[in-house]
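For reference, the structure is listed below as structure tokens.
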Amino acid sequence: FCTPFTAITLTTILKHGGYDFTLIDATIRELSEDAYLDEIKNLQPKIVLISSISVQYAGQIHLATKLAKEAAPDCITVHGGIYATTYHTGALEDKNTDYIFIGPAEYRLPKVIELLLANRHDEVRKLEGIGYCDSNGKQFLTSFPNLGKMKKSIEPDYSKVDIRKYLFQKAAVVEHPTIFLEPTAVIQTSFGCVYDCTFCGTNTISGKKLAFRDVNSVLDEFEWYISEHGIRHFGVIDEMFLLNKKRAMSLLQGMIDRKLDIKWKLNDASIWHLHEELLEMMKKTGCVRTGISAESGSQRVLDEVMNKPLKLEIIPLVVKKCKELGIDIVSNFVIGMPGEKWDEILETVDFANRMDFDMVTFNIAQPFPGTAMARECIEKGYLPKDFDFRDERQFGNSTGFITTEEFTPNELMNIRTYAWEMINFRNHDKKIRAARCLNISLDKIDEHRRRNRLNAGVHAAEQEFTRKI
């Protein structure tokens with residue numbers, strides 16, 4: 001749906017290592033299973049690297065692996081990314097999978113490829129962050145590395161990726177709201193998160209560590225998109241873009257100094273870092289929208305249930321400043337946490353309504369593997385007996401699985417649907433703002449709302465990939 005950061009990182013490493021490789025993105029190329037199978041047959045690769053950004057894509061990962069083994073039986077298959085890292089037991093259940101990477105693979109990939117090509121499997125199995133099965137199917141993991149060993153992130157090299165295919169001409173992408181209606185480039189300037197919210201798997205993935213890109217490299221990337229592709233609309237998807245105020249101000253000042261005539265959206269700002277000075281600089285550089293994650297309207301839930309370092313009292317001040325500057329502000333909320341009371345869910349809905357955000361979204365809490373919340377749900381028996389972390393219904397955070405003494409999944413789905421409709425569309429002004437944030441025209445927004453009500457919020461966004469720019 002946006003810039004393929006993992007693929008670009010992998011191709012950058014492989015190119016610099018002098019390897020002969022092919023990148024296959026079956027989604028953007030709209031490949032059928034047969035077309036993918038034929039491509040692997042023609043290539044006959046020695047190694048097939050497959051990455052996933054979420055456990056929710058487990059089915060696609062396993063299908064791609066199965067087809068790769070069918071097409072090239074002697075190839076070595078390696079999984080990496082969030083699925084392999086957070087749910088390694090599930091990833092290794094696949095007999096077609098030879099190895100998995102645990103944690104970020106950037107600084108380990110060259111050595112692993114070197115050893116695999118030399119058929120030195122015993123040495124591979126001594127490296128950190130490697131998972132595999134022995135001949136009896138017993139699973140082994142060597143260690144759990146994180147971002148700690150990455151002094152800085154890999155700077156992207158786009159020469160092996162046709163980035164034009166990822167720039168949207170038309171996109172109503174509710175699940176990824178940094179996209180504009182115009183062709184949009186999505187940029188990431190840092191990776192990881194230093195906090196430890198109970199519902200988030202980032203701690204498992206990055207170990208509360210951060211890796212920053214060089215500021216000048218980021219600025220060069222903006223200019224490259226402008227000069228090479230005529231892009232003037234950008235989405236920035238860092239989780240911790242504002243954590244280092246000095247770096248953030250340096251990047252924003254660089255955008256001003258280089259006279260970048262752009263519009264951009266920040267996906268999710270840590271609101272406790274949204275100081276007036278930063279917001280004013282963001283506005284000067286062309287920021288038109290920022291997302292935040294208030295998560296709850298109950299301070300107790302934030303403190304005791306979510307472990308989120310946010311004080312609700314600062315939110316009205318940030319909302320007021322954004323309105324003064326003309327920056328749209330959208331907030332995410334999570335309902336249905338284990339330990340949350342029903343009245344606190346109502347408190348969240350009331351808070352979201354009173355803050356007058358330009359749009360709000362409500363996510364039903366999902367027990368993602370590796371999170372403290374998932375462990376609590378398992379320990380207390382809050383999940384169905386047949387629950388599987390790879391259940392595709394978790395996609396979009398619109399289906400409930402958790403049942404406690406306070407609520408059921410159906411109750412969560414009902415209140416989510418009602419709250420989204422009531423808060424975002426309670427008058428014509430709100431409808432205009434929500435339609436703008438959703439990239440949906442006013443003449444189509446009512447149909448979108450109707451589908452949302454009929455399906456209790458469970459739906460897939462439609463998008464058209466750019467063919468010509």
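Here the structure is a predicted model, which means the values were calculated and not measured. Counting from 1, the numbers follow the sequence of the chain as shown.
With no hydrogens or angles considered, a side-chain donor-acceptor pair links Thr65 and His79 at under 3.5 Å. Using modelled atom types, one finds a donor on one side chain and an acceptor on the other under 3.5 Å when comparing Tyr99 with His121. Using modelled atom types and a 3.5 Å distance limit, the side chains of His62 and Tyr83 yield a donor-acceptor pair. Thr198 and Asn307 are not linked by any side-chain donor-acceptor pair at a separation below 3.5 angstrom, with hydrogens and angles left out of the test. Between Ser296 and Thr348, the side chains place a donor N or O and an acceptor N or O closer than 3.5 Å (distance only, hydrogens not considered). Neither side chain, Thr361 nor Trp420, offers a donor N or O lying under 3.5 Å from an acceptor on the other.
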- Message: Test salt bridge (Lys or Arg N to Asp or Glu O under 4.0 Å) on Lys308 and Asp196; report intermediate values, then the result.
- Response: CA-CA 7 Å; Lys308 190 175 182 75; Asp196 194 16; over 6 Å; no
- Task: Verify ring-ring contact (aromatic ring centres under 6.0 Å, His included) between Tyr225 and Tyr158, making sure each step is shown before the conclusion.
- Result: CA-CA 11 Å; Tyr225 273 115; Tyr158 290 95; 5.8 Å; yes
- Message: Pair Ile256, Thr285 - check side-chain contact (heavy atoms from CB on, under 4.5 Å), show working.
- Response: CA-CA 6 Å; Ile256 294 172; Thr285 59; 3.7 Å; yes
- Query: Between Ile82 and Tyr87, does a side-chain contact (heavy atoms from CB on, under 4.5 Å) hold up when you go through it step by step?
  - Reply: CA-CA 8 Å; Ile82 292 175; Tyr87 193 38; over 6 Å; no
- Message: Is there a side-chain contact (heavy atoms from CB on, under 4.5 Å) between Ser331 and Met355? Walk through the geometry before answering.
- Response: CA-CA 10 Å; Ser331 183; Met355 287 303 99; over 6 Å; no
- Could you check Tyr57 against Thr27 for side-chain contact (heavy atoms from CB on, under 4.5 Å), going step by step and ending with a plain yes or no? CA-CA 12 Å; Tyr57 296 104; Thr27 300; over 6 Å; no
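No side-chain donor-acceptor contact under 3.5 Å links Thr371 to the backbone of Gly201. Remark: the backbone N or O of Lys126 is not paired with any side-chain donor or acceptor of Thr142 at under 3.5 angstrom. Although no hydrogens or angles enter the test, the distance criterion places a donor-acceptor pair under 3.5 Å between the side chain of Arg108 and the main chain of Pro104. Between the side chain of Arg390 and the backbone N or O of Gly59, no donor-acceptor pair lies under 3.5 Å. With hydrogens and angles ignored, the 3.5 Å screen pairs no side-chain donor or acceptor of Ser250 with any backbone N or O of Lys246. For Gln366 (side chain) and Thr399 (main-chain N/O), a donor-acceptor pair under 3.5 Å exists by modelled atom type. In this structure, the side chain of Asp214 engages the main chain of Asn216 through a donor-acceptor pair within 3.5 Å. In this structure, Asp268 contributes its side chain and Glu239 its backbone to no donor-acceptor pair below 3.5 Å. The main-chain N or O of Thr189 is found under 3.5 Å from a side-chain atom of Asp238 such that the two form a donor-acceptor pair. Ser54 places a side-chain N or O within 3.5 Å of a backbone atom of Gln56 that can act as its donor or acceptor partner.
Atoms CD1 and CD1, from Ile50 and Ile24 in turn, are 9.5 Å apart once rounded to the nearest 0.5 Å. Once rounded to the nearest 0.5 Å, the distance linking CD1 of Ile364 with CZ of Arg393 reads 11.5 Å. Remark: Ile47 CD1 to Phe21 CZ distance equals 13.0 Å, nearest 0.5 Å. Here Leu10 contributes atom CG and Lys160 contributes atom NZ; the two are 14.5 Å apart, rounded to the nearest 0.5 Å. Between atom OG1 of residue Thr9 and atom CD of residue Gln188 there is a gap of 8.5 Å, rounded to the nearest 0.5 Å. We find the CG-OG distance between Asp303 and Ser298 to be 8.0 Å, quoted to the nearest 0.5 Å.
Taking the side chain as every heavy atom from C-beta outward, Arg213 and Phe191 approach each other to under 4.5 Å. Using a 4.5 Å cut-off on side-chain heavy atoms (C-beta onward), Lys111 and Leu115 make contact. Here the side chains of Gln60 and Glu392 are in contact, with some heavy-atom distance below 4.5 Å. Side-chain contact between Glu295 and Phe199 is present, with at least one heavy-atom pair separated by less than 4.5 Å. Residues Trp224 and Ile231 have side chains not in contact (no heavy-atom distance under 4.5 Å, counting atoms from C-beta outward). Side-chain contact between Val330 and Val360 is absent, with no heavy-atom pair separated by less than 4.5 Å. For the pair Phe222 and Asp220, the minimum side-chain heavy-atom distance is 4.5 Å or more.
Both cation-pi conditions hold for Lys265 and Phe180: the charged atom is under 6.0 angstrom from the six-membered ring centre and inside a 45 degree cone around its axis.
Of all heavy-atom pairs spanning Pro156 and Ile8, the tightest one is CB-CG2, 3.6 Å. Scanning all heavy atoms of the two residues, the minimum distance from Ile402 to Pro338 falls at CD1-CD, 4.2 Å. Closest heavy-atom contact between Pro45 and Cys75: O-CB, 3.3 Å. When all heavy atoms of Ile327 and Cys287 are compared, the pair lying nearest together is CG1-O, 3.7 Å. Between Phe101 and Gly80, the shortest heavy-atom distance links the atoms CB-CA, 4.2 Å. Between Met337 and Val305 the shortest heavy-atom distance is CB-CG1, 3.7 Å.
Between Lys245 and Glu277, at least one side-chain N (NZ, or NE/NH1/NH2) sits under 4.0 Å from a carboxylate O, which counts as a salt bridge. Comment: Asp358 engages Arg433 in a salt bridge, judged by a side-chain N to carboxylate O separation of less than 4.0 angstrom. Between Glu182 and Arg232 there is no salt bridge, since no side-chain N of the basic residue sits under 4.0 Å from a carboxylate O of the acidic one. Ion pairing between a basic and an acidic side chain is recognised when a charged N comes within 4.0 Å of a carboxylate O; Asp20 and Lys15 show no such pairing. In this structure, Glu340 does not pair ionically with Arg300, as no charged nitrogen and carboxylate oxygen lie closer than 4.0 Å. Using a 4.0 Å cut-off between a side-chain N of Lys or Arg and a carboxylate O of Asp or Glu, Arg449 and Glu421 qualify as a salt bridge.
Lys46 NZ: 12 or fewer foreign heavy atoms inside a 6.0 Å radius. Heavy-atom neighbours of Lys430 NZ from other residues, nucleotides or ligands within 6.0 Å: above the threshold of 12.
In this view, Asn353 and Met422, Ile423, Arg426 satisfy the side-chain contact (heavy atoms from CB on, under 4.5 Å) rule, not counting sequence neighbours.
Taking the six-membered ring for Trp, Phe241 and Phe212 have ring centres at least 6.0 Å apart. Between Phe368 and Phe389, a ring centre-to-centre spacing not shorter than 6.0 Å is recorded. Taking the six-membered ring wherever Trp is involved, the centroid distance between the rings of His88 and Phe144 falls below 6.0 Å.
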Could you give the side-chain donor-acceptor pairs of residues 310-326 under 3.5 Å, partners two or more places apart or in another chain?
unit_1	atom_1	unit_2	atom_2	d
Lys321	NZ	Glu280	OE2	2.9
Lys323	NZ	Asp356	O	3.1

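Screening Asn332, Leu266, Asn267, Ile329 for a side chain to side chain contact (heavy atoms under 4.5 Å, CB included) with Ile292, the sole residue that qualifies is Ile329.
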